[in-house]
Amino acid sequence: QVQLVESGGGSVQAGGSLRLSCAASGRTFSNYAVAWFRQAPGKEREFAAAVSRSGGSTFYAQSAKGRFIISSDNAKNTVDLQMNSLKPEDTAVYYCAAREASTPYTTPREYNYWGQGTQVTVAS
């Protein structure tokens with residue numbers, strides 16, 4: 001079983017950047033496909049980005065393409081999400097999730113392990 005802890009959230013002006021980090025304990029991330037989801041108030045949790053177990057493949061929601069970069073560091077056992085050119089509509093709680101498989105999915109129900117979330121607020 002793996003435990004996930006997110007960090008790096010905060011408040012930023014529109015156009016700014018934040019880097020979120022998801023740290024794993026209990027097991028190594030090399031056994032898992034990992035994704036970032038986000039949930040704004042009153043909305044469903046939605047997919048943002050994901051990386052395959054090998055780290056060789058990345059996937060992005062259309063809203064994240066060209067602005068977000070997901071990366072994995074097996075030596076540090078972390079998966080980071082670099083978010084650039086942030087917009088007020090990116091405001092949400094961001095969650096790290098993991099599934100014990102090689103390929104990530106874009107739906108939350110496919111993931112067995114979740115972090116507690118980290119708040120990202122983008123002011124206009």
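Note on residues 87-98: pairs passing side chain to side chain donor-acceptor pair (under 3.5 Å), not counting sequence neighbours, are Arg38-Asp90, Arg38-Tyr94, Arg67-Asp90. Judged as a disulfide bond (SG atoms under 2.5 Å apart), the pairs with a partner in residues 12-124 (not counting sequence neighbours) are, in order, Cys22-Cys96.
Applying the side-chain hydrogen bond (donor to acceptor under 3.5 Å, both in side chains) criterion to Thr78, with sequence neighbours excluded, gives no partner residue. Applying the side-chain hydrogen bond (donor to acceptor under 3.5 Å, both in side chains) criterion to Ser17, with sequence neighbours excluded, gives Asn84. The side-chain contact (heavy atoms from CB on, under 4.5 Å) test applied to Ala24 returns Val2, Leu4, Phe29, Asn77, not counting sequence neighbours. Residues passing the salt bridge (charged side-chain N to carboxylate O under 4.0 Å, His left out) test with Arg99, sequence neighbours excluded: Glu110.
Taken together through direct or relayed side-chain contacts under 4.5 Å among Ile, Leu, Val, Met, Phe, Trp and Tyr, Phe68 and Phe37 form parts of separate hydrophobic clusters. Val12 and Met83 fall within a single hydrophobic cluster, where Ile, Leu, Val, Met, Phe, Trp and Tyr are joined by side-chain heavy atoms under 4.5 Å apart, directly or via other members. The hydrophobic clustering, which links ILVMFWY residues whose side-chain heavy atoms are closer than 4.5 Å, places Leu81 and Trp114 apart.
How far CG of Leu86 is from CG of Leu18: 5.5 Å, rounded to the nearest 0.5 Å. Atoms OG1 and CZ, on Thr107 and Arg45 in that order, are 12.5 Å from each other to the nearest 0.5 Å.
The side-chain heavy atoms of Arg53 and Tyr32, taken from C-beta on, include no pair separated by under 4.5 Å. Side-chain contact check for Gln13 versus Val122: every heavy-atom pair is 4.5 Å or farther apart. Inter-residue side-chain proximity for Tyr111 and Pro104 is flagged as met; some heavy-atom pair is nearer than 4.5 Å. By the 4.5 Å heavy-atom criterion applied to side chains, Ser71 and Arg19 are counted as neighbours. Contact check for Ile70 versus Val79: side-chain heavy atoms found under the 4.5 Å cut-off. Residues Gln119 and Thr121 form a side-chain contact, since some pair of their non-hydrogen atoms from C-beta on lies under 4.5 Å apart.
Scanning all heavy atoms of the two residues, the minimum distance from Ala33 to Ser102 falls at CB-O, 4.0 Å.
For Glu6 (side chain) and Gly117 (main-chain N/O), a donor-acceptor pair under 3.5 Å exists by modelled atom type. At least one donor-acceptor pair under 3.5 Å links the side chain of Ser54 to the backbone N or O of Gly56.
Aromatic pair Phe47/Trp36: ring centres not closer than 6.0 Å.
Screening Asp73, Thr118, Asp80 for a side-chain hydrogen bond (donor to acceptor under 3.5 Å, both in side chains) involving Ser21 leaves a single residue, Asp80.
Crowding of Tyr105 atom OH: a count of heavy atoms from other residues, nucleotides or ligands under 6.0 Å not exceeding 12.
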